Amino acid sequence: MNSVRLWYKKSGLAIYTSHLDMNRCFTRAVRMAGIPLWYTEGFNPHPYLNFLLPLPLGTGAEKDPIDIRITEDISFDEIKSRLNAVLPGGIEIVAVTEPAIKVSEVAKAGYEIILEFLTPEEACAFAAGALAVIESGELNAEKRSKRGIKTVNLCSFVSSFDASSEGGRVKIKAVISAGPAENLNAALLADSLLKEFGASAEKTEITRTEIFTADGKIFI
Amino acid sequence: MYPEKLEKFLLKVQKPGRYTGGELNSVIKDKREVDIRYAFCFPDTYEIGMSHLGMKILYALVNAREDAWCERVFAPDTDMEAVMRENDIPLYALESGEAIKDFDIIGFTLQYELCYTNVLNMLDLAGIPVRSENRESLTPLIIAGGTCVCNPEPMADFFDITLPGDGEEVTNELIDLLKEFKKQGKGKKEFLEAAAQIPGVYVPSLYKVEYNDDCTVKSVTPTCGAPEKVVKRNVKNLDTMFAPETFVVPFIETVFDRTTVEIFRGCIRGCRFCQAGFLSRPLREKSPETVFSQCKAICDSTGYDEISLCSLSTSDYKGLEKLLGTLIPWGDDNKINVALPSLRIDNFPKDLMEKLNTVRRSGLTFAPEAGTQRLRDVINKNVYEKDILSTCAQAFAGGWTAVKLYFMIGLPTETNEDIEGIARLAQAVVDEFYHMENKPKGKGVSVSVSLASLVPKPFTPFQWEPQDKPDVLTEKQDFLVSCVRTRKVNISRHVPWTSFLEGVFARGDRRLCSVIETAWRSGCRMDSWEEHLDREKWNAAFEQCGIDPFFYTARARSFDEVLPWDHMDYGVTKKFLQRENEKAHRGETTQSCREKCSGCGAARLNGGECNELCAAVV
């Protein structure tokens with residue numbers, strides 16, 4: 001039995017697929033691709049498929065990891081091409097690797113947030129304002145967790161933040177907490193920043209670009 | 001694909017995956033290369049519609065043609081409807097994202113009566129006038145099929161055409177004709193008159209309905225050469241019949257998230273309340289070889305890990321043993337679970353139960369339907385208490401601890417004793433568990449009783465029967481609850497008012513068209529969803545149209561009354577249904593077709609042939 005890490009890209013229509021539905025989608029895809037997946041041995045055997053960092057509905061990903069286990073040897077290239085032949089549009093395997101770092105070391109993730117405004121002036125003002133707010137170190141928002149809703153300072157989740165505008169578009173690059181211990185939804189950050197200025201974007205696009213360990217190494 | 005305008009609203013509605021399209025196996029064609037664009041509309045939400053086998057069949061069938069492109073359309077939920085209306089986004093098809101008002105055929109499937117307002121709402125969202133008479137051009141042609149079109153009259157003013165019976169053949173014939181008329185630039189009236197000549201095509205506007213002073217139907221007269229009786233379509237050979245080898249696989253979870261393969265049509269049983277059993281006669285079986293190869297093909301192309309065999313009574317399938325002999329080992333090897341719904345309690349063999357236990361265990365559900373033997377004889381259910389108890393005992397011994405039992409109330413001749421009988425039978429099942437010698441330690445039993453209300457339907461022996469009023473049904477439900485003495489039995493009940501409205505439309509006539517339109521205009525839709533069903537608006541609509549809904553439900557009809565659906569011919573004769581009704585009132589049962597032919601008349605649709613007749617002779 002070998003552990004294999006699949007890296008997938010999620011874009012276009014697929015961003016409207018929730019995490020649970022992604023799970024079902026991949027389960028079907030590996031079956032169709034004829035990849036000899038390892039099944040759990042419990043009362044109700046199901047394929048072992050672990051999305052390391054579930055994506056919220058509406059957020060895309062450049063390269064997100066899923067761990068699987070296979071029972072027969074099969075080349076990484078073969079896994080990639082067979083899966084891509086059966087995955088629906090918007091979901092694509094971009095790489096297949098051996099897992100090099102443990103899941104428990106995931107601590108941060110980088111996001112690209114694109115906000116479109118009606119006018120360049122609005123975009124420019126928002127970008128400058130957003131930078132200033134994060135710089136100030138205080139952006140309070142209501143954050144939902146399993147223990148209920150509470151107000152937290154989002155800045156404490158932000159490791160790095162940059163915002164720039166071009167025409168009516170604002171592009172934010174942010175590295176924020178991710179993982180089971182401490183996690184921030186990038187959409188909440190974007191919405192809170194908009195709310196801070198009473199602004200509203202015509203269109204919001206959020207993509208997770210990479211995942212990091214606590215000491216800033218890229219997760220592989 | 002969805003219209004671009006919609007993008008910024010998608011994350012603001014519940015489950016946006018319902019509105020995006022782009023699923024695996026969805027069919028994209030070049031619209032310039034097809035002659036006919038077909039919008040297949042399911043008048044309920046995506047999760048329900050995507051579970052419907054008929055849609056999967058017709059979608060694949062139309063798309064198998066090079067000259068036609070079939071796309072899917074579902075009723076948007078209320079939050080999405082608001083977004084569409086506020087932003088002038090017309091109803092679109094999921095494949096192309098294009099507005100359906102420019103399509104050639106808009107086909108609805110009517111699976112239950114409470115979706116009627118959704119049909120009107122979808123037409124309106126598409127920007128299409130709801131009434132047939134207000135649509136002058138040839139296209140879009142608005143058609144409907146499905147169970148409910150056996151009595152199309154309450155929707156007669158809205159549809160141009162309805163198609164009773166099997167859709168596999170007539171759909172292609174209709175497309176061929178429309179393609180020709182479109183090419184020749186002919187008009188809608190000419191087309192409808194020509195279409196009415198195709199067997200199994202009903203054009204409501206070509207029939208004139210007259211009423212008696214007491215509001216019953218006096219006569220239904222065909223005009224313009226339309227046939228006096230519209231005979232439902234019947235596909236003779238299921239092995240050569242078109243069957244899909246692939247399904248669209250939804251991104252989001254649907255009600256039945258699995259593959260479904262049909263094993264036969266028709267039913268040998270003749271339970272007197274069951275409309276599906278009579279509408280789908282005569283019995284036609286697929287061979288186990290065909291079923292197996294279709295199961296394999298669909299699992300290969302969808303990746304699903306569960307197959308459900310579909311029919312009205314799985315255990316009556318003659319090829320079941322042979323099929324499971326190949327299907328189950330194949331399922332084990334490929335980790336595919338085989339589900340057998342619609343099993344009868346009286347022929348559920350033990351080894352079948354063991355076989356089913358191998359991959360994943362699903363729940364056990366049986367339908368005694370009535371609480372006493374007397375009443376089960378009246379409805380011709382032909383199951384006995386000893387069968388029920390021994391099958392449950394077998395199931396408990398096999399490790400099951402939960403059983404679901406389906407019952408109905410409001411059956412003809414029903415008394416309090418029959419209702420009490422339901423509680424008694426459920427208790428007996430509980431007792432069966434505790435009498436078991438090796439019962440598992442620390443485990444209790446749970447018996448769920450699901451309580452439906454009889455809605456007398458056309459083409460059943462009960463089509464003449466009065467239906468209990470909602471308050472009577474509520475009293476009966478309360479009485480049953482008061483009879484239950486144990487917490488091991490829990491009762492879930494249907495909303496009586498829902499059954500009432502269903503009953504009105506099931507046996508309604510054309511005068512109800514205006515009620516449906518009025519109710520819809522006042523805001524009624526999604527009536528099958530309890531949270532949306534608005535009784536006050538419906539009552540107001542009946543009142544405004546001067547129609548007493550109880551005329552359709554609470555009244556006993558005489559055998560010589562002209563029924564609004566008498567000009568539809570589903571094979572089974574009115575004489576046969578009358579005979580069965582009389583036997584019901586005498587408490588006499590009728591044997592299954594396999595034991596003895598009861599002369600229902602459906603064999604004539606098959607050129608006089610019936611599976612069961614042949615078997616009896618040989």
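Treat the numbers as computed from the prediction; the structure is a model and nothing was measured. Numbered from 1 within each chain, the chains take letters A, B, ... in sequence-line order.
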Measuring only between side-chain heavy atoms, which start at C-beta, is [X] closer than 4.5 Å to [Y]?
| X | Y | result |
| --- | --- | --- |
| B:Glu253 | A:Leu20 | no |
| B:Asp305 | A:Arg28 | no |
| A:Met32 | B:Leu24 | yes |

Measuring heavy-atom distances to chain A, does [X] have an atom under 4.5 Å in its side chain, in its backbone, in both, or in neither?
| X | value |
| --- | --- |
| B:Thr302 | backbone |
| B:Tyr2 | side chain |
| B:Asp257 | side chain |

Intermediate values then yes/no, side-chain contact (heavy atoms from CB on, under 4.5 Å), B:Ile252 and A:Tyr16: CA-CA 9 Å; B:Ile252 68 162; A:Tyr16 302 106; over 6 Å; no

Distance from B:Glu7 atom CD to A:Leu13 atom CG, nearest 0.5 Å?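 B:Glu7 atom CD to A:Leu13 atom CG measures 9.0 Å (nearest 0.5 Å).
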
Mark yes when over 12 heavy atoms from residues, nucleotides or ligands other than [X] sit less than 6.0 Å from its [atom1]; otherwise mark no.
| X | atom1 | answer |
| --- | --- | --- |
| A:Glu166 | CD | no |
| A:Asp73 | CG | no |
| B:Glu245 | CD | no |

Which residues in residues 48-68 of chain A have any heavy atom lying under 4.5 Å from a heavy atom of chain B?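 A:Leu57, A:Gly58 fall under the 4.5 Å cut-off.
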
Charged tip of A:Arg31 within 45° of B:Tyr304 ring normal and under 6.0 Å: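 No, A:Arg31 does not sit over the ring of B:Tyr304.
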
Given heavy-atom pairs under 4.5 angstrom as the criterion, report whether the side chain, backbone, both or neither of A:Val30 touches chain B.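 For A:Val30, there is no contact with chain B at all, as no heavy atom is under 4.5 Å.
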
Which atom of B:Gly22 lies closest to which atom of A:Pro88, heavy atoms considered: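 Closest approach of B:Gly22 to A:Pro88, heavy atoms only: O-CB, 4.5 Å.
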
Nearest heavy atoms of A:Gly89 and B:Phe251, plus distance in Å: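 The pair with the smallest heavy-atom distance is O-CZ, 4.1 Å.
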
